[in-house]
Each structure stands twice: as structure tokens, then as C-alpha cells.
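This is a predicted model, so every value here is computed, not measured. Computed over heavy atoms, backbone and side chain alike; hydrogens, waters and symmetry mates excluded. So that the names make sense, note that chain A is the first sequence line, chain B the second, and so on, each numbered from 1.
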Amino acid sequence: DTEVTQTPKHLVMGMTNKKSLKCEQHMGHRAMYWYKQKAKKPPELMFVYSYEKLSINESVPSRFSPECPNSSLLNLHLHALQPEDSALYLCASSFRDSPYNEQFFGPGTRLTVL
Amino acid sequence: SQQGEEDPQALSIQEGENATMNCSYKTSINNLQWYRQNSGRGLVHLILIRSNEREKHSGRLRVTLDTSKKSSSLLITASRAADTASYFCATDRKTPLVFGKGTRLSVIA
């Protein structure tokens with residue numbers, strides 16, 4: 001199994017809602033990533049987990065809360081989001097958190113905040 | 001910022017032609033990677049070239065790296081309509097990867 005899966009594919013939420021994005025991989029990768037991508041822009045890194053521990057938080061607002069329950073799963077909990085948080089949220093994984101490892105991306109969750 | 005800058009921002013070619021995209025970056029790197037993204041989807045890794053390599057091939061892809069000029073190029077030969085996508089270079093000195101702004105390639109059948 002060489003893919004990263006993400007659920008849901010689309011999500012519409014109000015500013016007072018709480019929702020979660022889910023990412024899963026079964027490639028034995030020990031590094032997992034969340035990216036945010038606005039239209040016609042490159043992906044921007046949000047969080048990195050290495051061996052289930054948060055290793056990088058790119059100054060992301062606390063309304064985004066990541067969680068790595070085990071080596072195969074990565075969640076992104078969303079609460080009190082703003083309309084400007086609407087974007088494509090991409091999950092990725094790599095063998096290790098190393099510059100020499102390619103990253104495998106999921107198809108993304110298209111999030112709309114009303 | 002060590003973000004890469006792709007050039008051109010958009011490129012439109014006929015099927016069968018070659019497409020060349022360039023990437024420039026600002027700081028020294030460990031390696032440079034190229035990714036493809038079909039509209040609104042996840043990114044797909046194409047090729048990684050290490051800082052001590054000058055050229056690398058993978059199928060119809062040819063990547064060059066000039067560390068003295070801090071630049072890389074991606075050549076897609078004999079393009080196909082299915083090559084229509086955005087192409088990003090990604091650089092790093094340490095993790096994480098930093099993606100350039102991308103080149104949007106349109107291959108017209």
C-alpha cells in the first residue's frame with residue numbers, strides 16, 4: 001500500500017463548528033505533515049510529526065490542533081475557524097523526517113469556512 | 001526565505017513539444033525535489049537531485065542542478081495532454097521542504 005488517504009474530501013463548516021480532518025498511511029513512514037494550500041499558491045507547511053511527536057509547528061494559530069494517535073494516523077482538529085482558513089489541506093508522509101526522503105501526499109481535504 | 005521561484009509562472013505548449021521549467025533559490029541546499037500537482041489534488045513526487053549531482057533522468061524527465069547559480073531546470077520531453085499540471089520545485093537545507101510558487105503547464109492536444 002503506497003498511498004496516503006485523507007477524509008473527508010470536502011468539508012463545509014461554520015465558524016463555531018468543531019471538525020476534524022483525518023490522514024492515514026500504511027507505508028511504515030515515521031514522519032507525517034500537514035500543509036495548507038490556497039488557490040494558485042504553493043503548499044505551506046503547518047506541522048511536522050516525527051515518530052509521533054510534534055517536531056515542527058510553523059506558528060499556526062491555536063484554532064488548528066494536530067494529533068498523531070499512532071504511527072499511521074494523523075488528525076487535524078479544527079475549532080472556531082475563520083473564512084480565510086478556507087483552503088486545500090494536504091497531508092503527507094515520508095520514511096523519515098529527512099531532507100533526502102520524498103514526501104507522499106494525500107489527495108487533500110477541500111475546506112470551506114462560512 | 002529559501003523559497004524557490006519557478007519560471008515561467010505559466011507555460012502553454014502543443015502535445016509532442018518539450019517543456020522546460022526553471023527554479024531559482026536563495027540559500028544552499030541539501031537537495032532539490034520536483035513535484036507535480038494536478039488541479040486541486042495532492043502532489044506527486046517526480047524526482048530528487050542531490051546537491052552534488054548535476055543532472056538526473058527519469059523517463060521523459062530531465063533535471064539539472066547548478067548550485068553555483070542556485071538554479072535547477074525540469075525538462076519534460078515529448079509532452080502529453082496528461083502532463084497538464086502545476087509543477088513545483090522544493091528545496092531544503094534542513095527539513096522541512098519549502099515549495100516554490102510553481103509553473104502551470106498546459107499541454108494542448
Most heavy-atom pairs under 4.5 angstrom with chain B, which of A:Ala92, A:Pro43, A:Ser55?
A:Pro43

Looking only at heavy atoms and a cut-off of under 4.5 Å, which of A:Gln6, A:Glu102, A:Glu58 has the most pairs with chain B?
A:Glu102

Taking atom [atom1] of [X] as the centre, does the number of heavy atoms from other residues, nucleotides or ligands within less than 6.0 Å exceed 12?
| X | atom1 | value |
| --- | --- | --- |
| B:Arg80 | CZ | no |
| A:Glu44 | CD | no |
| A:Lys19 | NZ | no |
| A:Lys41 | NZ | no |
| B:Glu15 | CD | yes |

Considering non-hydrogen atoms only, spot the tightest contact between A:Pro42 and B:Gly100 and give its length.
CB-O, 2.9 Å

Between A:Met32 and B:Tyr35, is there a shared hydrophobic cluster once you connect ILVMFWY residues whose side-chain heavy atoms come closer than 4.5 Å?
no

Which atoms of A:Gln37 come close to chain B, meaning under 4.5 Å heavy atom to heavy atom: side chain ones, backbone ones, both, or neither?
side chain

So what's closer than 4.5 Å to chain A heavy atoms on B:Leu43: side chain, backbone, both or neither?
both

Please look at B:Gln9 and chain A and tell me whether the side chain, the backbone, both or neither of the residue comes under 4.5 angstrom of a heavy atom of that chain.
neither

Rounded distance [0.5 Å steps], CZ in B:Arg41 versus CZ in A:Arg110
10.0 Å

Looking at OH of A:Tyr35 and CZ of B:Phe99, how far apart are the two atoms once the value is rounded to the nearest 0.5 Å?
4.5 Å

